[in-house]
Number of protein chains: 2
Amino acid sequence: MSNAKVLPLLEPAVEPCCPPLTERPLTAAEAERTALMFKALGDPVRLRLFSAVASHEGGEACVCDISDVGVSQPTVSHHLKKLKEAGLLTSERRGTWVYYRVEPGVLAAMGQLLSPTAATA
Amino acid sequence: MSNAKVLPLLEPAVEPCCPPLTERPLTAAEAERTALMFKALGDPVRLRLFSAVASHEGGEACVCDISDVGVSQPTVSHHLKKLKEAGLLTSERRGTWVYYRVEPGVLAAMGQLLSPTAATA
DNA sequence: ATCGGATATCGATAGACGTCAACATAGACA
DNA sequence: TGTCTATGTTGACGTCTATCGATATCCGAT
């Protein structure tokens, strides 16, 4: 076993992917990686799905709770997969339903990217 | 001429567009609008250009200062236009050169979108 | 074992997007 | 005027992507 599900200490798994966009120009590799997250949120349907999960009580949502976004069921599934691949969501099957939740730290990481550099002339 | 029925110049997309993604599910209209900004940053080249402008001294940069991102000049111009259309950058010609700067408030607006709701169970 | 609901995958298609070369435009300067 | 540099625009091309219907898979219940 050993799944000691300890509470995250101060800094969870928020990898310091990249400095704030305002600190210095991103390198090609940094931009490549970071763009994946922005691109994942760059689709209206995905944005609604992500927001639905993120704002759902308990921090997680069953697909059935959020799939009313005006597209077909396969399309919903497709977009959830994309969000998962981008590292924004995780999923877990519990019985009949599959629950998605926001990957912890993701919001903080993206927020940091956008944080204005304090000492901007 | 005459058909001055041009698009209304893109509202300053900086407004209190939307609540944080974690507050409640975005509506279709909100998602549509918000996705435009994320999509604009969802390309590696655009992300590098934006970061280069945002981090440049004085808060602005000439195209000549930032166009070394590995793509042709027309492509750079194309991406800068996209960033402008998304409301993330503004441009101004001064003599020979064109200067781009980050639209004030944009970073704060996007940061707010990603701000975790304080009272998440 | 079988049925039915929930979700994922597959295959196809139309449209969006990134990229470039060629050309156009704007300003500086002689 | 004309030329040179800097930047934007156009048109074309190949690739990616969002979407759907059909189908498969998983799981609980009968």
Side-chain angles (χ1 to χ4, degrees), chain A residues 26 28-29 31-53 56 60-86 88-101, chain B residues 1 6-7 9-10 26 28 31-53 56 60-86 88-101:
Chain A
L26 255 49
E32 204 79 41
R33 219 174 335 143
T34 306
L36 291 179
M37 296 193 298
F38 283 109
K39 181 190 282 188
L41 294 182
D43 177 273
V45 173
R46 281 197 295 269
L47 201 50
R48 290 185 75 187
L49 290 172
F50 182 85
S51 175
V53 171
H56 203 265
E60 70 175 12
C62 162
V63 177
C64 58
D65 289 326
I66 59 176
S67 54
D68 188 22
V69 288
V71 293
S72 71
Q73 176 268 322
T75 301
V76 169
S77 191
H78 164 74
H79 283 304
L80 287 172
K81 184 179 183 181
K82 285 296 195 78
L83 287 167
K84 233 171 75 174
E85 289 171 348
L88 301 183
L89 294 181
T90 59
S91 71
E92 179 195 359
R93 167 158 235 140
R94 286 208 294 278
T96 303
W97 297 282
V98 176
Y99 292 84
Y100 282 80
R101 57 171 53 240
Chain B
M1 47 183 270
V6 217
L7 287 184
L9 247 288
L10 299 189
L26 256 51
E32 205 77 42
R33 223 176 330 144
T34 306
L36 292 178
M37 296 194 297
F38 284 108
K39 181 188 284 188
L41 294 182
D43 178 271
V45 173
R46 281 198 295 271
L47 201 49
R48 290 185 74 187
L49 290 171
F50 182 83
S51 176
V53 171
H56 202 266
E60 70 177 11
C62 162
V63 177
C64 58
D65 289 327
I66 60 175
S67 52
D68 188 22
V69 287
V71 294
S72 69
Q73 175 270 323
T75 301
V76 169
S77 191
H78 165 73
H79 283 306
L80 287 173
K81 185 180 183 180
K82 284 294 196 74
L83 287 167
K84 234 171 75 174
E85 288 172 349
L88 301 183
L89 294 181
T90 60
S91 70
E92 179 195 359
R93 166 158 235 139
R94 286 207 297 277
T96 303
W97 296 281
V98 176
Y99 293 84
Y100 282 80
R101 56 171 53 241

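A note on names: the letters A, B, ... follow the listed sequences, proteins ahead of strands, and every chain is numbered from 1.
For the pair A:Leu49 CG and C:dA8 P, the interatomic distance rounds to 11 Å; values are reported in whole Å. Computed from coordinates, the A:Arg48 CZ to D:dA18 P distance equals 16 Å when rounded to whole Å. One atom, CG of B:Leu83, and another, P of D:dG8, lie 12 Å apart when rounded to the nearest Å. In this structure, the CD atom of A:Glu92 is 19 Å from the P atom of C:dA6, given to the nearest Å. Protein atom CG of B:Leu80 is 10 Å distant from nucleotide atom C1' of D:dG8, rounded to whole Å. What separates CG of B:Leu47 from P of C:dC17 is a distance of 17 Å, to the nearest Å. Note: CD (B:Glu85) to P (C:dC17) measures 10 Å, nearest angstrom. In this structure, A:Ile66 places its CD1 atom 14 Å from C1' of C:dA8, rounding to the nearest Å.
Distances shorter than 4.0 Å separate none of the side-chain N or O atoms of A:Lys81 from OP1 or OP2 on C:dT7. The side chain of B:Tyr100 places an N or O atom within less than 4.0 Å of a non-bridging phosphate oxygen (OP1 or OP2) of D:dG8. Within the 4.0 Å cut-off from OP1 or OP2 of C:dG18, at least one side-chain nitrogen or oxygen of B:Arg46 is found. One finds a side-chain N or O of B:Lys39 lying less than 4.0 angstrom from the OP1 or OP2 phosphate oxygen of C:dC17. B:Ser72 has a side-chain polar atom (N or O) that falls below the 4.0 Å cut-off from OP1 or OP2 of C:dC20. Neither OP1 nor OP2 of D:dT17 sits under 4.0 Å from any side-chain N or O of A:His78.
The residue among A:Arg94 and A:Val71 whose nearest nucleotide of DNA chain D is located toward the 5' end is A:Val71. Nearer to the 5' terminus of DNA chain C, by closest-nucleotide assignment, is the contact made by A:Cys64 (compared with the other of A:Cys64 and B:Thr75).
With B:Arg93 contributing its side chain and B:Gly95 its backbone, the two residues share a donor-acceptor pair below 3.5 Å.
Nearest to the side-chain atoms of B:Val45 among the listed nucleotides D:dG8, C:dT19, D:dC27 stands C:dT19. The side chain of B:Trp97 has D:dT7 as its nearest neighbour among C:dT9, D:dG8, D:dT7. Taking every side-chain heavy atom of B:Pro74 into account, C:dA22 is the closest of C:dA22, C:dG18, C:dT7. Candidate nucleotides D:dG8, C:dT7, C:dG18 were compared by shortest atom distance to the side chain of B:His79, and C:dG18 ranks first.
Side-chain atoms of A:Gln73 and base atoms of C:dA6 include no donor and acceptor less than 3.5 Å apart.
A distance of 8.5 Å separates CG in A:Asp43 from CD in B:Glu32, rounded to the nearest 0.5 Å.
Contact record, A:Ala31 with B:Arg48: CB-CG, 3.3 Å, taken as the closest heavy-atom pair. What you find for B:Ser51 and A:Leu26 is that their closest heavy atoms are OG-N, 3.1 Å.
Among the protein residues, A:Tyr99 comes within range of no part of the nucleic acid, since none of its heavy atoms lies under 4.0 Å from any strand. Among the atoms of the strands shown, only primed sugar atoms or phosphate atoms (P, OP1, OP2) are found under 4.0 Å from some heavy atom of B:Thr96. No contact: A:Lys84 has no heavy atom under 4.0 Å from any strand.
Here the side chains of A:Leu80 and A:Ile66 are in contact, with some heavy-atom distance below 4.5 Å. Side-chain contact check for A:Val53 versus A:Asp65: every heavy-atom pair is 4.5 Å or farther apart.
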